[in-house]
Number of protein chains: 2
Amino acid sequence: MKILVIEDERKLGRFIKQGLEQNGHVADLTHSGSEGLDQLAGGLYDLVLLDLMLPGQTGFEVLKNLRAFGLTVPVMILSALSDPATVVQGLDLGAVDYLRKPFDFDELLARIRILQRRTTTSDNVVLRVADLEMRLISHEVIKGGISLNLTNREFALLELLLRRAGQLITKNEIAEKVWSADYDMGSNVIEVHIYQLRKKLDASGIAGLIETQVGRGYRLKTP
Amino acid sequence: MKILVIEDERKLGRFIKQGLEQNGHVADLTHSGSEGLDQLAGGLYDLVLLDLMLPGQTGFEVLKNLRAFGLTVPVMILSALSDPATVVQGLDLGAVDYLRKPFDFDELLARIRILQRRTTTSDNVVLRVADLEMRLISHEVIKGGISLNLTNREFALLELLLRRAGQLITKNEIAEKVWSADYDMGSNVIEVHIYQLRKKLDASGIAGLIETQVGRGYRLKTP
DNA sequence: CTTCGATAACCAGAATTTTCATGAAAAACG
DNA sequence: CGTTTTTCATGAAAATTCTGGTTATCGAAG
């Protein structure tokens, strides 16, 4: 998951970021609400961990502004404020969870897993290799925040390679899965599409991802 | 919501049941795991509140059996066991939340509201993206104070796009959801309506909100 | 290490598919 | 009925996919 941590206390923030990253998440850290909103505006976070006591805008204000802006990203509140009234307020403002500080890190991870379970109903919704991300539902391919504009064929082709990253995919298999049964052997469509795809990947700064195995097929290199 | 409370301590159970009912829920109470499973097997519950320390089967066992039985009803654990390891175990077994006893009743209600929010999307009476606001109840679409005059079809179409803003909506899905089952493949009604809708949005100064994904469908751009 | 046939990369349009845009017909509504 | 909304039909425009040819690269045999 790509997670934004909004926490003004530097040491704690770094600790959380590090812990998340050690557990396979991608985490960014900001120290104030307005900074956080800017980051989120650029989009593409799966979760926000929000402290309530922030300088300037309070966490609640951040949450409100977020929603007013039309962002639907899930927000989990982490706060030392533990009185029920505050918890209720936070949850009713649209937070998906409220974890009292000090919290156990494993519990945080477990609660994040719940969200994951919920958002990515079947785990094959997002394919990832290096910093290339393919979202099957929204039909987007994203590299470093910018989405590259693939055609249907290119998308299907990359999906096949991505699903079996590291493995050799024969041309026969590509023909079968990306083109329908009525595939004209003796055409060079596959090569041409590989070429187009590579060109678009190159333009996004991901060169050499697709490897050619002469006489056999193609393989997507894993890092 | 229809809620099943599995709690062996009679007094606490009655208290919870009563509190839920006073807040508009329908609550049933059982005192053991096996009883609870029987109830759930027959039933249409929206939520289970599960104590962990039960006579006979423990709460965890109940949870496991429940899932083994194919029931997907959300379970919220209420327990005096507050150590992180137990919490994590509970969450990883598939509980949607874990509330430590003693708990504040308002917090319980708020956490139930979260689940409600999630399952019944319909209570989302106002959809918003950027400065465009759709009020489902009054059937209005407003941009900067002025409401744009959409027809029913246009409204339904925009609603679908808005509900899943940022995601690709395929034409099949549009046909299914905005037109009924009897839609004629090979007609261009969808395109025409997208065109009309775009024209009205443009006229209100919101150009380029609906993105077309050639060969797939449409997508409402989030800021 | 060189040569040669096979294979793939690359490129420029042509062919095809999909979407846009529009006016007019049909249907629904009051 | 007259008005509004929805659908149909159509050609233009845009995007995608495919084709055919040339050049580059690979890999085995000499």
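Because the structure is predicted, anything quoted here is derived from the model rather than measured. Here is how names work: the chains are called A, B, and so on, in the same order as the sequence lines, proteins then strands, and each is numbered from 1.
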Side-chain contact check for E191(B): nearest option of dC18(D), dT19(C), dC10(C) is dT19(C)
Rounded to whole Å, NZ of K200(B) lies from C1' of dA21(C) at a distance of 16 Å
The answer to which of Q196(A) and R216(A) contacts DNA chain C further toward the 5' end, by nearest nucleotide, is R216(A)
- Query: Does the pair E154(B)/R198(B) count as a salt bridge with the N-to-O cut at 4.0 Å?
  - Reply: no
Within the structure shown, what part of the strands sits under 4.0 Å from N152(A) by heavy-atom distance: base, sugar-phosphate, or nothing? sugar-phosphate
Review point. Are E173(B) and R164(B) within salt-bridge range, i.e. N to O under 4.0 Å?
Key: yes
*For dT17(D), does OP1 or OP2 lie under 4.0 Å from any side-chain N or O of T151(A)?*
yes
With the side chain defined as heavy atoms from C-beta on, H193(A) is closest, among dT17(D), dG27(D), dC11(C), to dT17(D)
query = So what does Y218(A) hit on the nucleic acid, given a heavy-atom distance under 4.0 Å: a base, only sugar-phosphate, or nothing?
reply = sugar-phosphate
Quiz prompt | dA9(C) OP1/OP2 closer than 4.0 Å to side-chain N/O of K199(A) | solution = no
Of all heavy-atom pairs linking I6(A) and L54(A), the shortest is CG2-CD1, 3.8 Å
Whole-Å distance, I174(B) CD1 to dT18(C) C1', equals 14 Å
Tell me whether the OP1 or OP2 atom of dA8(C) has a side-chain N or O from Y195(A) closer than 4.0 Å. no
F105(B) and L20(B) have their tightest heavy-atom pair at CZ-N, 3.7 Å
